[in-house]
Amino acid sequence: MAERNTGGAVGAAGRAPTADRADAIRNVVLVGHSGAGKTTLVEQLLAATGTIQRPGRVEDGNTVSDFDEVEVRQQRSVNLAVAPLVHNGIKINLLDTPGYADFVGDLRAGLRAADAALFVVSAAEGIDGLTQMLWEECSRVGMPRAVVITKIDHQRANFDEALASCQDVFGDGVAPLYLPVITNGHVNGLIGLLTQKFYNYATGDRSEKEPGAEYETQIEEHRGVLIEGIIQESEDESLMERYLEGDPIDTKVLIEDLEKAVARGSFYPVLCTGIGVGAHELLELVTQGFPSPLEHPMPEITDLSGKPVNGIVCDPEGPLVAEVVKTTSDPYVGRISLVRVFSGTLRPDMTVHVSGHGLADRGHEDHDLDERIGTLTCPLGKHQRACAKGVAGDIVAVAKLSRAETGDTLSEVERPLLMTSWEMPDPLLPVAIRARSKADEDKLSQALGRLVAEDPTLRLENNAETRQLVLWCMGEAHTDVLLDRLAKRHGVEVERIELRVPLRETFGGRCQAMGRNVKQTGGHGQYAICHLEVEPLPSGGGFEFVDKIVGGVVPRQFIPSVEKGVRAQMERGVVAGYPMVDVRVTLYDGKAHSVDSSDMAFQIAGQLALKEAASKVPTLLLEPVDELAVLVADDYVGSVMSDLSSRRGRVLGTEPVGTGRTLVKAEVPELEITRYAIDLRSMSHGTGTFQRTFLRYEPLPPNLASKVTATE
């Protein structure tokens with residue numbers, strides 16, 4: 001049975017709520033665009049249950065879930081935060097997620113850890129494209145959902161418009177459970193459409209009475225829609241017939257069917273909240289209508305070889321299977337792992353097996369090792385309150401897992417298992433950085449390693465060609481937060497520099513050239529002469545070396561030396577310092593000396609011959625070209641296609657995807673899309689996504705090639 005946490009002041013640590021059974025737990029993620037009121041709603045629910053004495057304010061920087069100094073400064077959520085509370089003996093783990101698209105990694109982690117979702121919509125601002133996309137994502141996996149219309153007491157609030165927008169965007173099965181009663185801009189209370197009761201909040205305390213006659217028409221209209229929606233989802237097929245014949249349906253039956261439909265993820269009730277209004281109704285829905293972890297499908301589980309493992313369920317007595325959904329590291333506290341326990345029971349000081357697979361391309365090398373966990377805590381914002389255990393279905397924080405990273409699986413040492421990681425979007429904004437000083441350079445590698453371990457949406461690239469350190473981020477806001485954390489949390493100052501796109505060089509024609517390396521010194525000299533013919537190959541042709549030496553004019557042991565020298569010079573380039581590709585080099589003549597010829601002498605001769613060839617024929621710069629697959633709403637297809645054309649792109653075609661969306665395919669030079677992640681988001685109002693795949697190299701236009709050459 002869960003215990004009530006009486007709490008203290010705003011953000012006080014208090015006593016950690018506990019749960020011994022999965023059916024006494026609800027894991028609920030709050031989803032919605034930035035500014036919709038998710039964090040404020042968490043404060044209201046914490047205050048309503050006595051977890052904190054009074055709700056904090058985002059503007060004052062004293063909320064429970066926005067405790068990071070970046071969040072306080074920017075007045076918006078950038079991290080996944082957990083706020084547990086207790087209502088009617090049920091422990092509710094509220095997962096407050098960022099509402100900005102750049103931090104979708106933490107949002108996806110919240111969806112993974114939760115069993116149901118509250119979609120938060122502002123009565124003053126409506127729904128954005130990201131919220132709509134997340135609704136569709138939850139729909140694909142059948143996650144139970146409810147809608148909370150917040151800020152109904154805002155001066156620009158319009159509940160009816162917000163409700164209509166939810167029904168239009170989210171589709172069938174969306175219906176209100178309560179209607180707000182607003183007088184002169186002040187919310188007096190809520191009318192329950194099923195109970196037909198008026199819940200009065202005018203005095204500050206919730207009281208119940210009959211609604212006035214002036215609301216009769218409004219109640220009848222919305223109540224009919226609600227009852228029909230519930231009956232359509234009912235397992236009792238006789239209810240619809242009785243309802244159409246005019247027989248009264250018992251309210252208790254309707255509520256039971258409503259709760260079942262919500263738990264199945266087939267009906268989506270709409271509630272509303274304002275300052276001091278609606279928290280009780282929302283908590284009742286969460287505890288009675290949302291599913292417990294027992295009803296949540298288990299993610300796919302395999303052994304370390306990839307063989308599926310079946311039969312594992314949400315059972316505290318079962319084998320341990322838990323997942324790290326969020327990792328934070330602090331120079332003083334160390335690494336803290338937020339863990340969702342799917343099976344078994346996690347206890348302090350036990351040894352677990354830590355497995356991480358499938359994210360090597362983002363800097364998370366596959367790893368399997370045993371670690372002893374430290375203390376278990378129940379986080380409430382920045383406060384870590386000790387707890388005795390974490391049972392199947394619960395969410396706890398684990399200290400001192402030095403190697404665990406976001407997405408890792410924790411299991412028993414005797415039976416190591418692996419959970420299939422959740423889908424993460426690819427970071428598509430490259431940002432080149434460098435340390436500001438030698439002292440920063442020494443600390444940079446370790447600090448970046450910690451950031452990569454925390455954030456699967458960050459990819460670190462040390463580009464050997466451009467000799468640049470590149471952070472692949474989700475967007476500009478994501479970049480700013482990462483650089484801020486490097487400076488404030490890890491004490492590493494970096495600066496952004498212009499990103500270099502790795503180009504290539506090739507010959508623009510066929511020619512013959514000689515490499516002459518003849519030097520006489522006091523001892524052995526150097527003597528090597530080689531005659532080469534160079535010619536371009538088709539795109540993707542790579543490099544070919546052809547030996548046409550006859551008569552031994554170049555001894556056989558030195559022919560590989562010429563090739564080695566040519567390859568070395570091709571790596572360094574001959575004009576702008578970029579690697580040379582798509583070239584055939586034929587060695588057809590040369591001279592050697594019985595004493596002064598050597599391997600190194602012929603290597604240098606091969607390099608000199610390639611340089612001389614570059615002075616005889618034009619040398620072309622080649623740029624990488626990617627295939628872009630851009631998914632946007634139909635309204636933005638024209639703008640996207642026009643923009644791609646302006647980037648020297650070739651639009652290959654379009655195809656419809658689902659309802660109201662189009663996939664645009666195009667070939668675009670990489671030089672033109674280094675900031676496309678930002679530009680597409682602006683162009684599509686946050687609803688567009690894209691993927692890029694390298695295709696080939698193509699000649700850079702002469703006007704751009706001259707600029708590149710001039711800067712080298």
Side-chain angles (χ1 to χ4, degrees), residues 461-469 500-622 624 697 705 708-712:
E461 177 190 6
N462 210 330
N463 195 303
E465 291 185 28
T466 63
R467 295 179 291 281
Q468 285 187 324
L469 186 62
R500 295 183 65 197
V501 173
L503 305 180
R504 295 288 185 269
E505 299 176 9
T506 193
F507 287 113
R510 183 174 180 173
C511 74
Q512 293 182 342
M514 178 183 71
R516 177 183 173 86
N517 179 27
V518 178
K519 294 181 181 179
Q520 294 298 323
T521 60
H524 283 301
Q526 293 187 40
Y527 192 98
I529 299 174
C530 62
H531 294 266
L532 303 179
E533 181 179 76
V534 299
E535 57 186 312
L537 291 175
S539 178
F543 170 66
E544 292 182 15
F545 184 81
V546 181
D547 171 18
K548 286 191 175 180
I549 292 296
V550 293
V553 291
V554 176
R556 304 307 303 172
Q557 70 267 28
F558 294 138
I559 292 176
S561 303
V562 176
E563 180 180 355
K564 188 175 181 180
V566 169
R567 285 184 180 274
Q569 190 61 50
M570 286 180 64
E571 283 295 315
R572 293 193 293 268
V574 293
V575 175
Y578 293 104
M580 180 166 277
V581 296
D582 302 336
V583 175
R584 178 185 290 125
V585 174
T586 302
L587 174 63
Y588 66 90
D589 199 0
K591 291 182 181 179
H593 188 277
S594 59
V595 176
D596 292 341
S597 290
S598 65
D599 169 66
M600 183 55 66
F602 272 97
Q603 284 189 46
I604 295 172
Q607 295 172 20
L608 294 173
L610 204 67
K611 289 181 179 179
E612 182 178 324
S615 67
K616 291 185 174 182
V617 293
T619 304
L620 304 178
L621 280 181
L622 304 176
Y697 281 92
V708 172
T709 306
T711 59
E712 297 299 329

Which residues share a ring pair (Phe, Tyr, Trp, His ring centres under 6.0 Å) with Tyr527, sequence neighbours left out: His593
Sub-4.5 Å side-chain heavy-atom contact between Leu608 and Arg516: no
Main-chain N/O of Ala601 paired with Asn517 side-chain donor or acceptor, under 3.5 Å: yes
Verdict with supporting geometry, Glu533 and Arg510, side chain to side chain contact (heavy atoms under 4.5 Å, CB included): CA-CA 7 Å; Glu533 181 179 76; Arg510 183 174 180 173; 3.1 Å; yes
Step-by-step side chain to side chain contact (heavy atoms under 4.5 Å, CB included) determination, Glu505 to Leu622: CA-CA 6 Å; Glu505 299 176 9; Leu622 304 176; over 6 Å; no
Backbone N/O of Gly606 and side chain of Gln569: donor-acceptor pair under 3.5 Å: no
Step-by-step side chain to side chain contact (heavy atoms under 4.5 Å, CB included) determination, Arg504 to Glu465: CA-CA 10 Å; Arg504 295 288 185 269; Glu465 291 185 28; 2.5 Å; yes
Non-neighbouring partners of Asp547 that pass salt bridge (charged side-chain N to carboxylate O under 4.0 Å, His left out), sequence neighbours left out: Arg556
Scan the side chains in residues 557-564 for donor-acceptor partners under 3.5 Å anywhere in the protein, sequence neighbours excluded, and list what turns up.
residue : atom : partner : partner atom : Å
Ser561  : OG   : Asp599  : OD1          : 2.4
Glu563  : OE2  : Arg567  : NE           : 3.1
Glu563  : OE2  : Arg567  : NH2          : 3.2

Thr506 (side chain) donor-acceptor with Leu620 (main chain) under 3.5 angstrom: no
Sub-4.5 Å side-chain heavy-atom contact between Pro624 and Leu503: yes
Close side-chain approach of Leu537 and Phe543, heavy atoms under 4.5 Å: no
Main-chain N/O of Val575 paired with Thr619 side-chain donor or acceptor, under 3.5 Å: no
Backbone N/O of Gly540 and side chain of Asp582: donor-acceptor pair under 3.5 Å: yes
Phe507 and Leu610, any side-chain heavy atoms less than 4.5 Å apart: yes
